[in-house]
There are 2 protein chains.
Amino acid sequence: MSATVPLSSTSRDGGAPRPRPAGGDPCAGPATAAGRTLAVLAAFGPEHSSLSLSEISRRTGLSLTTTHRLVGELREWGALERGADGRYGIGLRLLELGALAPHGLQLRELALPYLDDLHHATRANVHLAVRDGHDVVYVESLRARGAVQVLSRLGGRWPLHATGTGQVLLAYASPELQREVVASPLRRFTANTITDVEELRRTLAEVRRTGVAIAENQLTAEALALAVPVRGPGDEVIAALGVTVQRAAVKSHALIPVLAATARGISRALGAPSVSTVDRRSVRRTTQPDLH
Amino acid sequence: MSATVPLSSTSRDGGAPRPRPAGGDPCAGPATAAGRTLAVLAAFGPEHSSLSLSEISRRTGLSLTTTHRLVGELREWGALERGADGRYGIGLRLLELGALAPHGLQLRELALPYLDDLHHATRANVHLAVRDGHDVVYVESLRARGAVQVLSRLGGRWPLHATGTGQVLLAYASPELQREVVASPLRRFTANTITDVEELRRTLAEVRRTGVAIAENQLTAEALALAVPVRGPGDEVIAALGVTVQRAAVKSHALIPVLAATARGISRALGAPSVSTVDRRSVRRTTQPDLH
DNA sequence: ACGCGCCTTCCTCCGGACGGAAGCCCGACC
DNA sequence: GGTCGGGCTTCCGTCCGGAGGAAGGCGCGT
């Protein structure tokens, strides 16, 4: 083919017409093959759990031909499957893989009995969540039988600042991460969502002081979320345990002791050093206001 | 050291280029870029939920360089994550995706309250499973608090013939699929595993007749599994509901009515046509032996 | 010091991937 | 019926991204 091309020269570019008229792909830049493969998977989401080939093509920005081939490979492998209607959905092979996430379902596996007890004792929605980047991801979500008001699906993902569990995870995260999150735009979901930087800082400090996050109507209206940290072998916070109740529920704060006790149970099962005195103290303190 | 996995990985394959895999190797050759990407993910499994870069390279048969690049991309995307020890594991992004599987966690979501009730009523291990190819995949698994004897992790995968839930799914699958499975080698797990073709045929016929699969010690010793079908809107069997108890447990058959009732509840919630008479009859019949 | 794994970066050549184009099926609309 | 349009599939030539060899930096045990 062509002889060796001088690396630094741009002269060759002039002759070649740019075959890519696509001026702006701001969000999707799958320049690599692996990236394109992942882009196909990323086309699916809670709102779009079933897509046609053309829809995948449009959402990824890939040509129909490429989409067709990639989808075919993914389907053969089991990452995607084709429904009776010809549309594509996520395949069970991905569930199988996802279940291997170390801080995901493995953690869930261990915590489930505790969550179940808590669920039955309180009749509230119960969540277990971990941090992933700037998001909180729900690793388990037990919905109350009656009042279903849930945004928290298993595998659900929300910004850290907008949920009780997220605030716990953020409060105990590294200062560096906290800076990053605080510096990023804080998306508003309801009138009560914390979007002010100073208010968020104060909230996080309060969470650290008391050991409990209390979020009222921050992600959805008419919901009150309580959350506490779950600790691992090194006493570091690796997850957050939370309950959500209808806001009208009476004496929500009365849930805090049992919530904290459950979190300690899980922490101990995870190998956390026996209950830290800090936690004990703070739990007591936070339960005081409930008395008067 | 664990036994090496036969991945057909030979370090030197450069000699003869494969004579065009005409589309007939489903699980073997990562000839394509997408295939290589998926191969990296497939290197992970229940036994290997955490791998170093070199291990991934060896297990996939990819060169270290290629592995390095692919792993980097997967990590950036969130499919993999790197632990504190430098080893790689499955990332939460895959859990998020896997949760979208239509016959996976969406089904689970709906069925969970019923499973929970059953779990509390029986104190047995409770499973919900669907079929994927020639395997049964567990979509939910609630473990009994005390006797933990579980091979059935969420996302777990086993051959259809070796489990109660699998036998149910196989019994109601298309004749074509049944032929395929019966024709394939039936792997043995315990002395009681059904490996004889005729015995399997008889068992499946019995499952269809009674509506219940009863598997004793077929996957693990000292375990008795009971399973019944769960039906969807078109009355087709889309899942199997099962319980597993210690074999010594008294009067295991007494569980069948509540098991069947739970399955009917889930089926109705899925939009199945109101209880089929066939089911009613067969359930009654199967419970008869328990009376004398 | 030395060797030995493991990980990371750099660079070149080759072959697979990309997308245009055309064919196919089906349902809608005139 | 004819025509059109949207979605899907197949084919094929070009070209650019990817594969992997080679070399360099760790950390560890001998």
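Proteins come first, then strands; the chains are lettered A, B, ... in the order of their sequence lines, and each starts at number 1. Note that the structure is a prediction, hence the values are computed from the model and not measured.
- Qualifying side-chain contact (heavy atoms from CB on, under 4.5 Å) partners for B:E47, counting only residues two or more places apart in sequence or in other chains: none.
- Atoms CD1 (B:I56) and P (C:dC6) sit 13 Å apart, rounded to a whole Å.
- Considering only residues two or more places apart in sequence or on other chains, A:T65 meets the side chain to side chain donor-acceptor pair (under 3.5 Å) condition with none of them.
- Counting only residues at least two apart or in different chains, salt bridge (Lys or Arg N to Asp or Glu O under 4.0 Å) contacts with residues 70-89 of chain B comprise B:E55-B:R87, B:R69-B:E73.
- Aromatic ring pairs are classed by plane angle as parallel below 30°, tilted from 30° to 60° and perpendicular above 60°; the pair A:F189 and A:H161 is tilted.
- Here the straight-line distance linking atom CG of A:L107 with atom CG of A:L128 works out to 5.0 Å at 0.5 Å rounding.
- Atom-to-atom, CZ of B:R36 to P of D:dG18 comes out at 10 Å; the value is rounded to the nearest Å.
- Following rounding to the nearest Å, A:L70 (CG) and D:dG17 (P) show an atom-to-atom distance of 16 Å.
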Open item on the list: What does the 5'-to-3' dot-bracket notation of DNA chain C look like when only Watson-Crick and G-U wobble pairs under 3.5 Å count, and pairs to other strands show as |?
Closed with: |.||||||||||||||||||||||||||||
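- Taking atom CG of B:L62 as the reference point, atom C1' of C:dC7 lies 16 Å away to the nearest angstrom.
- Side chains of A:T66 and A:S63: a donor on one and an acceptor on the other come within 3.5 Å.
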With a cut-off of 3.5 Å and sequence neighbours excluded, list every side-chain donor-acceptor pair involving residues 91-101 of chain A.
unit_1: A:R93; atom_1: NH1; unit_2: A:W77; atom_2: O; d: 3.0
unit_1: A:E96; atom_1: OE1; unit_2: B:R157; atom_2: NE; d: 2.6
unit_1: A:E96; atom_1: OE1; unit_2: B:R157; atom_2: NH2; d: 2.9
unit_1: A:E96; atom_1: OE2; unit_2: B:R157; atom_2: NE; d: 3.2

Open item on the list: Output one letter per nucleotide in nucleotides 4-14 of chain D: B when a protein non-hydrogen atom lies under 4.0 Å from the base, S when only the sugar-phosphate is that close, - when neither is.
Closed with: ---SBBBB---
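- Residue B:T32 places no side-chain N or O under 4.0 Å from the OP1 or OP2 atom of C:dG16.
- Remark: A:R231 is positioned above the aromatic ring of A:Y172, its terminal NZ or CZ atom under 6.0 angstrom from the ring centre and at most 45 degrees off the axis.
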